[in-house]
Every structure is written in structure tokens, then in C-alpha cells.
Amino acid sequence: MSRKIKINHIRNIGIIAHIDAGKTTVTERILYYTGRSHKIGEVHDGEAVMDWMADEQERGITITSAVTTCRWENTEIHIIDTPGHVDFTIEVERSLRVLDGAVGVFSAVEGVEPQSETVWHQADKYGVPKIAFINKMDRIGADFFGAVEMMKDRLNANALILQLPVGQGEDFTAVIDLIHMQQIHWDEETLGATYHVSDIDAADRERAEAYREKIVETAAEHDDEIMEAYLSELPIDSEKILAAIRKATIDLELVPVLCGSALRNKGIQPLLDAITGILPSPVDIPPIKGTHPRTDQIIECKPTDSAPLAALIFKVALIEGRKLSYVRIYSGTLKAGAEVYNPLLDKKEKLARILRMHANKRERVDSVGAGSIVGVVGLKDSSTGETLCSADHPVILENIDIYEPVISVAVEPRTHADQEKMDEVLAKFMTEDPTLRVRNDEDTGQTILSGMGELHLEIITSRMQREFKTNVNVGKPQVVYRETIAEPAQASAVFDKEVAGQRHYGQITLSMTPLPRGTGNRYASEISPQDLPQVFLDAAQKGTVDSLESGPLMGYPVVDVEIRLTGALHKDSVSTELAYTVSASMAVKEALTKAGPFLLEPIMDVEVFIPESFMGEVIGDLNARGGKIESVDHKMGSQVIKATVALSRMFGYSTSLRSATQGRGTFTMQFSHFDRS
């Protein structure tokens with residue numbers, strides 16, 4: 001299939017928002033109006049195209065980032081529908097890494113909610129230009145201007161209103177387009193597929209002109225030609241205003257704001273016009289930079305089909321047991337059946353098929369050029385965050401941050417047949433999800449699954465049973481602790497044994513000092529290679545570092561300690577690497593027990609969003625859990641309580657919060673740091 005679309009007619013966008021702001025509903029409407037789906041799927045019916053996993057349909061939330069392609073006029077739009085739940089932060093992070101622009105969807109009733117704030121700041125981190133869509137204008141309590149103020153206040157966004165709603169709540173009937181100064185009405189009979197443009201009602205004219213004036217002033221600040229015309233009071237062409245807004249948005253100086261009601265099929269076509277007219281194509285943003293794997297030289301990957309290949313795998317999914325890698329092509333062309341090079345693994349891989357994605361449906365293509373996002377089948381060893389390039393022009397694109405898991409459950413197979421399947425399935429899940437960790441507890445023989453939150457692990461175990469028919473018993477969630485020390489200590493250990501007919505001798509002395517919280521571990525040696533051969537020094541370092549993996553209290557990793565190798569004894573002919581590895585390990589274990597070891601537990605940043613009348617009860621509950629209240633803010637008729645609480649005290653909190661607030665409270669929780677509880 002040859003390339004039919006120019007790179008400047010491509011938009012790679014993500015739809016980002018808090019749970020329940022209507023992001024998947026917005027995506028469903030986009031697919032319907034662009035002709036990608038012939039029926040509107042609703043989240044509440046479990047029929048949304050983008051939420052295709054059984055767990056997504058049952059819970060009515062998005063878990064995995066679904067990728068789809070659609071066309072609006074002559075522009076090809078690749079949409080990544082990202083999850084809004086904090087447990088799936090990594091899905092959002094991966095998606096933002098490969099996007100050129102984003103649409104932030106906010107509820108007109110709740111405004112900027114805690115998780116939309118988190119995702120918005122993640123988008124800021126990657127320098128992603130954004131437009132905002134204030135959704136649910138038809139809901140009772142909708143407040144368009146309140147939501148815009150919250151954007152300015154909480155997101156530090158320079159929001160520019162491009163549309164005004166006509167009516168709010170049940171009275172919401174139309175949208176005023178301030179750029180072209182016209183009113184847009186949608187037909188209920190055609191599910192909003194047809195709409196009419198008319199003059200602005202006389203009652204709204206004055207207000208519309210005032211907001212139009214603000215748009216012209218803002219455009220003038222970013223464009224000298226418009227500034228001259230504005231000062232001379234000359235008429236200014238709408239397209240010129242739009243071009244100035246587009247440039248300022250791409251430069252991250254503005255966030256244009258639109259409004260509508262996705263569920264009532266109002267406001268989606270102008271949103272599509274804004275995506276194609278305001279958000280950047282791959283050529284409108286600076287070329288991505290990578291490094292040469294051997295020389296560390298900076299390489300700029302230009303977004304053209306003729307440049308050397310540079311593509312990033314940003315997600316790996318297992319669909320029907322087959323590995324599907326989602327790839328963003330930054331430069332060059334990807335061809336089906338061709339060989340690609342993975343510089344991180346120093347391996348060549350063969351692409352079996354290239355698929356243009358539509359949620360969980362796919363269409364085969366022969367080749368794709370720069371700017372595209374596609375699914376690739378046939379990569380055996382390459383995984384998330386790795387680069388595909390040509391062997392002649394190797395480049396490593398920056399990796400994706402991986403989060404440390406904070407919560408664990410024990411899983412046990414019910415039958416012997418399930419044991420074999422379980423190991424295989426967990427290996428597949430780890431390929432798919434870098435935030436998932438699996439280890440075997442040698443003391444209990446259990447398989448321990450660690451992830452980002454209770455919901456994350458619940459979904460994993462549910463998928464094991466549903467998709468892979470693996471029956472497992474799941475233990476209660478356990479907190480993933482760390483261990484550290486309270487005071488300095490010194491220790492010495494000798495290993496002098498005969499193993500398999502050979503004598504092994506090594507003696508190590510070391511000192512151990514506690515470091516400030518969050519510093520990590522440090523290792524240093526005061527012994528020169530003249531006193532102890534380098535090969536034995538390396539063996540001692542290995543023994544030291546490995547032994548910090550398991551602390552003396554409960555076997556959790558030891559953090560925030562500095563170990564210095566201060567002495568060693570060496571005997572010719574009997575000293576061996578094994579002896580120094582073991583003696584260093586023994587010395588570390590002894591020093592840890594002397595140094596006053598104690599547990600550190602994950603402390604979480606918690607944000608609770610509640611109606612004012614429930615304040616006392618909710619704060620009382622947080623205090624009872626040993627939480628520290630950081631701040632209480634009033635936002636649009638609700639209270640936002642920010643607190644830090646030990647994770648171990650937060651189990652079952654969602655149930656407590658629901659019962660304390662008659663189901664109206666929501667909260668988000670994110671790992672902050674490890675500390676003494």
C-alpha cells in the first residue's frame with residue numbers, strides 16, 4: 001500500500017483526562033463522524049470501540065491505550081485513547097512520549113480533577129501542545145467559565161476561549177464559534193452528524209463580541225502583521241487569526257478551549273477542525289534527537305520518508321497470544337518483511353507484518369513513512385522503550401521512564417496444569433507492562449506479583465483467568481517495603497572453605513553508613529588494585545551489591561546506605577573470586593544487623609475530591625489512618641484535600657470514602673517516597 005497522505009497532513013494526538021470526564025465517549029463520536037465506525041458505542045453499555053477488553057467494558061474505564069486511525073477532510077488522525085486511572089500512569093506516560101498533540105477533556109461539572117492534573121503535567125513534561133474540550137455542557141451544574149478558571153488556576157494553562165456555550169445544563173442548545181462569529185446547532189435525528197450554521201442570537205451577540213476581541217488581542221501578541229492591523233483598526237482575516245493561535249499553541253504559549261456534549265453529539269466536528277487546524281503535524285515540532293549507541297554523538301532524526309529509519313516501540317500488547325508492538329516512526333520508512341536493527345540489544349529483527357490500527361481491528365499495509373503510528377508483528381526480542389533503526393545508521397531514542405511498583409499480591413495456581421500456564425502468562429504480561437514485577441518468594445514458594453495499585457493487580461489477575469483461562473488463588477495485597485539502617489557499622493568476614501576439592505580463601509572488611517532518604521545506594525573501595533587484584537575487587541563489589549537486594553528484617557531491598565571497602569586479605573594460589581563474593585556478602589549481612597535496621601514503607605500522595613458537607617468525616621478518617629493533611633482547597637463547590645498517608649493504611653479506602661460521602665467522593669493516590677511510617 002503506497003503512502004497516500006503527506007506528513008504535514010498527519011496528526012498524532014492523545015485524548016487525556018480524569019476518569020469519567022467522557023474521554024472515551026469523545027473518541028467514539030470522533031470515530032463515528034469520521035466514518036471509522038458505523039454505530040456509536042457507549043461506555044455505559046460496555047460497547048465502546050476503544051474499550052475492547054472485557055475488564056474495560058465491565059468497569060466502564062479505559063485500561064490500555066487503544067490506538068486508532070481516522071480521516072477528517074484530507075488529514076489522517078492517529079488517536080491514542082489513554083487511561084485516566086492513576087494505576088495505569090505508565091500507559092499515559094508511554095503514549096505522551098510519542099504524541100505530537102493532545103486534547104484535554106474536562107467535565108463542565110467537576111472541572112479539573114486530580115488525575116487530569118497529573119496527566120496534564122505529564123504532557124507538559126514531554127512538551128506536548130494541547131487544546132481543551134469542556135465536555136458535559138448538558139449536565140445539571142455545568143459551569144463552562146468555572147472549568148476554564150480551574151484550568152488557569154490548577155494547570156497554569158494560558159486558556160484562550162474559542163467557543164462559547166449557548167445555555168448550560170438542560171438549556172445547552174448550541175455553540176458559538178468566536179473565530180468565524182457564527183452559531184452551530186446539531187440535529188438530534190442524525191445523532192449530530194448534520195449541523196447548521198446561523199447568525200449569533202441577538203441576546204448573545206454582545207458577549208460573543210467581547211470574547212472575540214480577546215482572541216484578536218491574543219493573536220496580535222503573537223503576530224506582528226495582526227498587531228499592525230489591530231492597531232490600525234483594520235478588518236482581520238479569520239484564517240490569519242487561526243494561524244497565529246496555531247503557532248502560539250505549538251509553541252506551548254496557549255491552550256485553546258472548546259466546549260460541547262459528546263454524549264448529546266454536540267461539539268465534535270468543530271473539535272475535529274481544531275485538531276486538524278491547530279494541533280501540530282510531525283513536521284511542525286522540533287525533530288526528535290537520539291544518540292549513537294557507540295559514540296554517544298547526538299543524532300537529529302528528521303521527519304522525512306527518505307531519512308534513515310528511527311522508530312520507537314512505545315507499547316507491547318499480547319492479542320490472542322501474539323505479540324503486537326506499537327511503533328511510532330520518527331524518520332524514514334518501515335517496510336513489511338524488511339530487517340530492522342535494535343541497537344540496545346545489538347540484534348536484527350524481521351518485521352512480518354505492519355498493521356494500521358483501529359482499536360482491536362487492524363488493516364495490513366506494505367510500508368509506512370515518517371510520522372505514522374502502527375502496529376508491528378514479528379519482533380521477537382524487542383520490547384517497550386526500545387528503538388528500531390537501520391544497522392547502517394544506528395540511533396537510540398530516549399527511553400521511557402519506568403515506575404517502581406508499590407503493592408504486591410501472592411498468586412498460587414489451583415492445579416498443576418495451571419502452574420505451567422501461569423508462568424507463561426506472567427512472562428507475557430511482563431512483556432506487555434513494564435510496571436509489573438514477578439518474583440518467587442524462596443521462603444514461602446509463592447509467586448509474588450507487584451504493581452502500581454490495587455486496581456492494577458486486580459485487572460492483571462482478572463485477565464489471567466478470563467483471557468488465558470489460568471485459575472489462580474490470590475492472596476491479600478501486601479505493601480512493598482524497603483529496609484535501611486539507623487547508624488554506621490563495620491564488619492569483617494572470612495570465607496575459607498574447600499569446595500569441590502579446591503580451597504577458596506577471601507577476607508573482607510567494610511564500613512556502612514546511612515544516607516539521607518531517597519539518595520539510593522553508594523559503593524566505594526579504599527583498596528588499590530596493587531593490594532588486591534582488580535578481579536577480586538570486582539567480585540567483592542558484586543557480593544556487596546547483590547546482598548543489598550535482601551535485607552535482614554523481612555528480605556526487602558536495602559536502600560540509602562553507603563558501603564566502603566576498607567580492608568582485604570589476599571593469599572596467593574588459594575584466593576578466588578567466589579571467596580571474595582561470599583565474604584563481602586557475609587560482611588554486608590553482619591554490618592546490616594549491627595546498624596539498627598528498620599523498615600521504610602511507601603508513603604503516598606493522596607488527593608480527595610469531596611462535597612463540602614463531608615469534610616469533617618473525611619479528614620477524621622485520614623487522621624485515623626495516620627495521614628498528614630497538607631492542604632485543603634476550595635474548587636467549584638467541592639473541597640480538595642491533599643494528604644500524605646502510608647500505603648499500608650490505605651487498603652479499602654475507596655469503600656470507606658464512598659460510604660462516608662454517599663458515593664460522591666473520589667480520590668487519587670500516587671507514590672511519593674519511602675519513609676518510616
Side-chain angles (χ1 to χ4, degrees), residues 16-21 83-90 92-93 104 106-107 109-125 143 146-157 159 403-404 406-407 452-456 479 517-518 600-677:
I16 58 175
H18 189 89
I19 292 177
D20 223 22
H85 196 286
V86 71
D87 283 15
F88 307 103
T89 294
I90 186 68
V92 183
E93 190 89 17
F106 302 99
S107 162
V109 182
E110 287 85 9
V112 178
E113 295 174 274
Q115 185 56 17
S116 46
E117 205 174 334
T118 305
V119 182
W120 192 272
H121 293 319
Q122 281 176 303
D124 286 340
K125 171 178 158 186
D143 181 354
V148 173
E149 282 310 308
M150 277 185 87
M151 280 180 63
K152 292 175 180 174
D153 192 25
R154 293 195 75 170
L155 306 176
N156 213 8
Y403 289 79
E404 283 302 312
V406 293
I407 193 165
M452 300 301 292
E454 284 180 272
L455 181 64
H456 185 201
V479 175
R517 213 52 69 242
L600 294 173
E601 63 176 316
I603 307 296
M604 311 302 282
D605 279 332
V606 179
E607 277 203 7
V608 191
F609 213 76
I610 51 162
E612 198 162 346
S613 51
F614 303 110
M615 277 273 290
E617 206 169 330
V618 171
I619 287 178
D621 183 32
L622 286 170
N623 286 334
R625 292 170 188 270
K628 288 183 187 148
I629 308 295
E630 307 272 313
S631 67
V632 179
D633 295 321
H634 180 79
K635 301 282 180 202
M636 286 176 69
S638 290
Q639 298 290 340
V640 182
I641 302 167
K642 292 186 181 180
T644 55
V645 193
L647 176 63
S648 58
R649 309 283 186 85
M650 288 300 286
F651 288 130
Y653 183 64
S654 52
T655 312
S656 303
L657 183 65
R658 274 200 297 270
S659 61
T661 60
Q662 298 169 7
R664 289 162 64 196
T666 58
F667 81 103
T668 62
M669 183 166 74
Q670 232 171 338
F671 172 71
S672 169
H673 61 283
F674 281 100
D675 211 340
R676 257 187 156 142
S677 59

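Note that the structure is a prediction, hence the values are computed from the model and not measured. Numbering of residues begins at 1 and proceeds along the displayed sequence.
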> Which atom names give the shortest non-hydrogen contact between Gly627 and Val645, and what distance separates them?
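Answer, listing the atom of Gly627 first, then Val645: CA-CG2, 3.9 Å.
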> Kindly write out the residues that satisfy ring pair (Phe, Tyr, Trp, His ring centres under 6.0 Å) with Phe614, not counting sequence neighbours, or none if the list is empty.
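Phe614 satisfies ring pair (Phe, Tyr, Trp, His ring centres under 6.0 Å) with no residue once adjacent residues are dropped.
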> Out of curiosity, Trp120 CH2 to Ile16 CD1, how far, rounded to the nearest 0.5 Å?
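Reported to 0.5 Å precision, the distance equals 6.0 Å.
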> Could you list the residues that satisfy salt bridge (Lys or Arg N to Asp or Glu O under 4.0 Å) with Asp605, not counting sequence neighbours?
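None.
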> Could you tell me which non-hydrogen atom of Ala147 sits nearest to which non-hydrogen atom of Gly111, and how far apart they are?
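The answer is CB-CA, 4.2 Å.
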> So, taking the atom named NZ in Lys642 and the one named CD1 in Ile629, what distance separates them when rounded to the nearest 0.5 Å?
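Result: 13.0 Å between the selected atoms.
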> Could you walk me through whether Val632 and Met615 pass side chain to side chain contact (heavy atoms under 4.5 Å, CB included), step by step?
CA-CA 10 Å; Val632 179; Met615 277 273 290; 3.5 Å; yes
> If you draw a 6.0 Å radius around CG in Asn156, do more than 12 non-hydrogen atoms from other residues or ligands fall strictly inside?
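12 or below, so no.
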> Search all heavy atoms of Val608 against all heavy atoms of Ile610 and return the closest pair with its distance.
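Shortest heavy-atom separation between Val608 and Ile610 comes out as CG1-CG2, 3.8 Å.
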> Please report the shortest heavy-atom distance between Val148 and Ala159, naming the atom on each side.
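That would be CG1-CB, 4.0 Å.
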> Below 4.5 Å, heavy atoms only, C-beta onward: do Ile619 and Ile641 meet side chain to side chain?
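Result yes, sub-4.5 Å side-chain heavy-atom pair found.
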> For Glu617, which residues count as a salt bridge (Lys or Arg N to Asp or Glu O under 4.0 Å) partner, sequence neighbours excluded?
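Glu617: no salt bridge (Lys or Arg N to Asp or Glu O under 4.0 Å) contacts found.
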> Quick one: do Arg154 and Glu607 make a salt bridge, cutoff under 4.0 Å?
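Salt bridge between Arg154 and Glu607, a charged N being under 4.0 Å from a carboxylate O: yes.
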> How many angstroms lie between atom CD1 of Ile603 and atom CZ of Arg649, to the nearest 0.5 angstrom?
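Reported to 0.5 Å precision, the distance equals 9.0 Å.
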> Between atom NZ of Lys152 and atom CD of Glu149, what is the distance when rounded to the nearest 0.5 Å?
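So the gap between those two atoms works out to 4.5 Å.
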> If every non-hydrogen atom of Phe609 is compared with every non-hydrogen atom of Glu110, which pair is closest and at what distance?
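Closest pair (atom of Phe609, atom of Glu110, distance): CZ-O, 4.0 Å.
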> Using side-chain heavy atoms (C-beta onward) and a distance below 4.5 Å, is Glu601 in contact with Leu647?
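Glu601 vs Leu647: side chains apart.
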> Indicate yes or no: at least one non-hydrogen side-chain atom of Phe106 is less than 4.5 angstrom from one of Met151.
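Touching, per the 4.5 Å side-chain cut-off.
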> For Leu600 and Arg517, which heavy atoms make the closest approach, and how far apart are they?
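Looks like CD2-NE, 3.6 Å.
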> Please assess Val112 against Leu155 for the test side chain to side chain contact (heavy atoms under 4.5 Å, CB included), listing each intermediate value before the final yes or no.
CA-CA 8 Å; Val112 178; Leu155 306 176; 3.8 Å; yes
> Just wondering, do Arg625 and Ser656 contact through their side chains at under 4.5 Å, heavy atoms?
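The answer is yes; the side chains approach within 4.5 Å.
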> Atom OG in Ser672, atom CE in Met604: separation rounded to 0.5 Å?
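The CE atom of Met604 is 8.5 Å from OG of Ser672, to the nearest 0.5 Å.
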> CG/Asp621 to CG/Leu657 distance, rounded to the nearest 0.5 angstrom?
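Separation between the atoms: 8.0 Å.
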